[in-house]
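None of the values given here were measured: they were computed from a predicted structure. Residues take their numbers from the sequence shown, with the count starting at 1.
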Amino acid sequence: MARHDTRSMEGRWSGALTIEPGRLTFAGAIGSSPMHAHACVQVLMVTAGEVVLADVHGGEVTTRSGAVIPAGVRHEVWASPGARGVSTYVEPSAAAGRALAVRLAAADRPADRVAGWMAFADFVEQGSPQAPLHPRLARALRLGVQ
């Protein structure tokens with residue numbers, strides 16, 4: 001999928017939100033978003049279509065699976081028509097957020113690079129006895145592969 005400029009973003013985010021202590025989960029149509037950052041760790045699972053993620057360094061990657069974007073990291077999202085998925089925003093101070101932080105640090109990848117976000121998704125899904133994921137976060141990660 002070719003990169004678009006902000007004047008030609010395709011689609012809008014549309015779906016359902018679930019809010020629980022330490023976590024917000026969105027499920028539905030994925031839209032495009034200009035450069036932005038979240039206060040939370042974003043765990044994105046693409047279930048249909050494809051999404052291009054871009055970092056502030058000009059790096060970009062197309063994914064049909066997912067990514068983990070650390071809190072405070074600026075990124076862009078460009079969604080193909082019909083892109084759908086689940087995006088869970090995990091509060092860094094919650095138990096699941098702290099477990100993710102341990103795993104992201106252990107992955108030893110640059111947090112502000114798109115290649116790192118893809119590696120983080122693989123690393124987080126593999127599991128680690130040092131930092132087990134909260135059962136709800138583990139379930140959210142599995143939603144993208146069901």
Would you indicate whether the side-chain heavy atoms of Met35 and Val56 approach each other to under 4.5 Å?
yes

What's the shortest heavy-atom distance between Pro92 and Ala39, and which atoms?
CG-O, 3.4 Å

Would you say that Leu100 contacts Val90 through its side chain, given a criterion of any heavy-atom pair below 4.5 Å between the two side chains?
yes

Exercise: identify the closest heavy-atom pair between Gly49 and Arg64
O-CG, 3.7 Å

Going from CG on Asp108 to CZ on Phe120, what distance comes out if it is rounded to the nearest 0.5 angstrom?
9.0 Å

Evaluate the side-chain proximity of Met118 to Thr63: yes if any heavy-atom separation is below 4.5 Å, no if none is.
yes

Is there a donor-acceptor pair under 3.5 Å between the side chain of Asp55 and the backbone N or O of His75?
no

To the nearest 0.5 Å, what is the distance between OG (Ser33) and CD (Glu76)?
9.5 Å

Side-chain contact, heavy-atom cut-off 4.5 Å: His36 with Val77?
yes

For residues 40-59, pull every pair meeting ring pair (Phe, Tyr, Trp, His ring centres under 6.0 Å), keeping only residues two or more places apart or in separate chains.
none

Would you say the side-chain atoms of Thr47 pair up with the backbone N or O of Arg84, donor to acceptor, closer than 3.5 Å?
yes

Quick check for you: to the nearest 0.5 Å, what is the distance between Ile19 atom CD1 and Tyr89 atom OH?
12.0 Å

Take Ser87 and Gln42, measure what side-chain hydrogen bond (donor to acceptor under 3.5 Å, both in side chains) needs, and give me the verdict at the end.
CA-CA 7 Å; Ser87 191; Gln42 181 179 6; 2.9 Å; yes

With Ala111, which residues qualify under side chain to side chain contact (heavy atoms under 4.5 Å, CB included), at least two apart?
Pro70, Val73

Pairs meeting criterion ring pair (Phe, Tyr, Trp, His ring centres under 6.0 Å) with involvement of residues 91-113, two or more places apart:
none

Looking only at heavy atoms, what is the nearest atom pair of Ala94 and Gly22, with distance?
CB-CA, 4.0 Å

Within the 4.5 Å heavy-atom criterion, are Leu44 and Thr88 side-chain neighbours or not?
no

Which atom pair, heavy atoms only, marks the closest approach of Trp78 to Ala54?
NE1-CB, 4.4 Å

All heavy atoms of Val114 vs all of Glu60, minimum pair found to be CG1-N, 3.7 Å

Criterion side-chain contact (heavy atoms from CB on, under 4.5 Å) on Thr25 and Arg23, from CA distance to verdict:
CA-CA 7 Å; Thr25 301; Arg23 179 174 66 122; 3.5 Å; yes

If we only count heavy atoms from C-beta on, is the Val41 to Ile69 side-chain gap below 4.5 Å?
no

Hey, does Val86 have a side-chain heavy atom less than 4.5 Å from the side chain of Phe26?
no

